[in-house]
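Predicted, not measured: the structure shown is a model, and the values here were computed from it.
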Amino acid sequence: QVHLKESGGGLVQAGHSLRVSCVASGRDISLTMMGWFRQAPGKEREFVGGIDWRTGGTVYADSVRGRFTVSRDDTENTLYLQMDSLKPEDTALYSCAMTEVGRRLSFIPTAYRGYDYWGQGTQVTVST
């Protein structure tokens with residue numbers, strides 16, 4: 001059983017930084033793709049960034065490219081999202097997601113339907 005648990009959310013002022021984490025357990029994740037999504041009240045879930053766990057290759061949404069960085073710690077099975085120069089419009093529930101190992105994808109999905117497992121999310125609120 002795969003379990004994803006996010007942490008690190010909170011309230012931060014615009015222009016400041018925050019790092020959220022996602023610990024994965026229950027499965028060998030070395031051949032998966034992992035992603036970060038966010039959803040603000042009244043809005044659809046939005047892809048933020050993703051990583052190929054095996055190669056470390058990343059992909060980002062245009063809205064966060066250059067400000068956010070996705071990384072992973074192989075030894076801790078932990079996915080990170082470093083968020084710099086935060087804006088009020090970055091306020092949302094941030095969730096991590098993982099693809100099924102057996103799919104052996106060669107690309108990082110950017111649609112939420114491309115992922116098989118989800119965490120509960122961690123709230124990030126950016127004040128003006």
Point to revise | Transitive ILVMFWY side-chain link Val70 to Val64, under 4.5 Å | key: yes
Review point. Is there a chain of hydrophobic side chains (I, L, V, M, F, W, Y, each step under 4.5 Å between heavy atoms) that links Leu105 to Tyr112?
Key: yes
Check your understanding: Are Phe37 and Val20 grouped together when hydrophobic residues (ILVMFWY) are joined by side-chain heavy atoms under 4.5 angstrom apart?
Key -> no
Check your understanding: What distance do Arg45 atom CZ and Arg38 atom CZ have between them, rounded to the nearest 0.5 Å?
Key -> 14.0 Å
Study note, to complete from the structure: Tightest non-hydrogen contact, residues Arg67 and Ser85, listed as NH1-O, 2.9 Å
Review point. From Asp116 CG over to Met33 CE, what is the distance, rounded to the nearest 0.5 angstrom?
Key: 12.0 Å
Check your understanding: Is Arg19 positioned over the aromatic face of Tyr80, cation under 6.0 angstrom from the ring centre and no more than 45 degrees off axis?
Key -> yes
Practice item. Determine the minimum heavy-atom distance between Ser95 and Gly121, stating which atoms define it. Key: OG-CA, 3.5 Å
Exercise for review: Kindly give the heavy-atom pair with the smallest separation between Pro88 and Thr128, and that separation in Å.
Suggested key: CG-CG2, 3.6 Å
Practice item. Step through it carefully: locate the ring centre of Phe68, locate the ring centre of Trp36, and say whether they are under 6.0 Å apart. Key: no
Review point. What closest approach, in Å, do Leu11 and Ser127 show between heavy atoms, and which atom pair accounts for it?
Key: CD1-CB, 4.2 Å
Check your understanding: Hey, any chance Ile108 and Met34 share a hydrophobic cluster, counting ILVMFWY side chains that come within less than 4.5 Å of each other, even indirectly?
Key -> no
Review point. For Val126, does its backbone N or O pair with a side-chain atom of Thr91 as donor and acceptor, under 3.5 Å?
Key: yes
**Study point:** Main-chain N/O of Cys96 paired with Tyr115 side-chain donor or acceptor, under 3.5 Å
**Key:** no
Review point. Heavy atoms, side chains only, cut-off 4.5 Å: are Glu100 and Tyr117 in contact?
Key: yes
Point to revise | Gap separating the OG atom of Ser25 from the CD atom of Gln1, nearest 0.5 angstrom | key: 9.5 Å
Check your understanding: In the single-linkage hydrophobic clustering (I, L, V, M, F, W, Y; side-chain heavy atoms under 4.5 Å), do Trp53 and Val23 co-cluster?
Key -> no
Review point. Salt bridge or not for Asp62 and Arg65, using N-O below 4.0 Å?
Key: yes
Exercise for review: For atom CD of Glu89, decide whether the heavy atoms of other residues, nucleotides or ligands shown that lie under 6.0 angstrom number more than 12.
Suggested key: yes
Study note, to complete from the structure: Closest non-hydrogen contact found for Lys43 with Gln39 is O-NE2, 3.1 Å
**Study point:** side chain to side chain contact (heavy atoms under 4.5 Å, CB included) evaluation trace for Cys22 with Met98
**Key:** CA-CA 10 Å; Cys22 170; Met98 188 178 86; over 6 Å; no
Review point. In Å and rounded to the nearest 0.5 Å, what is the CE to NE2 distance from Met83 to His16?
Key: 14.0 Å
Check your understanding: Once you round to the nearest 0.5 Å, how far does CG of Asp84 lie from OG1 of Thr69?
Key -> 6.5 Å
Practice item. Considering non-hydrogen atoms only, spot the tightest contact between Arg72 and Asp52 and give its length. Key: NE-O, 4.4 Å
Point to revise | Between OG on residue Ser21 and CG on residue Leu81, distance to nearest 0.5 Å | key: 9.5 Å
Check your understanding: Got a donor-acceptor contact below 3.5 angstrom from the Thr122 side chain to the Glu6 backbone?
Key -> no
Review point. Are any non-hydrogen side-chain atoms of Phe107 and Val59 less than 4.5 angstrom apart?
Key: no
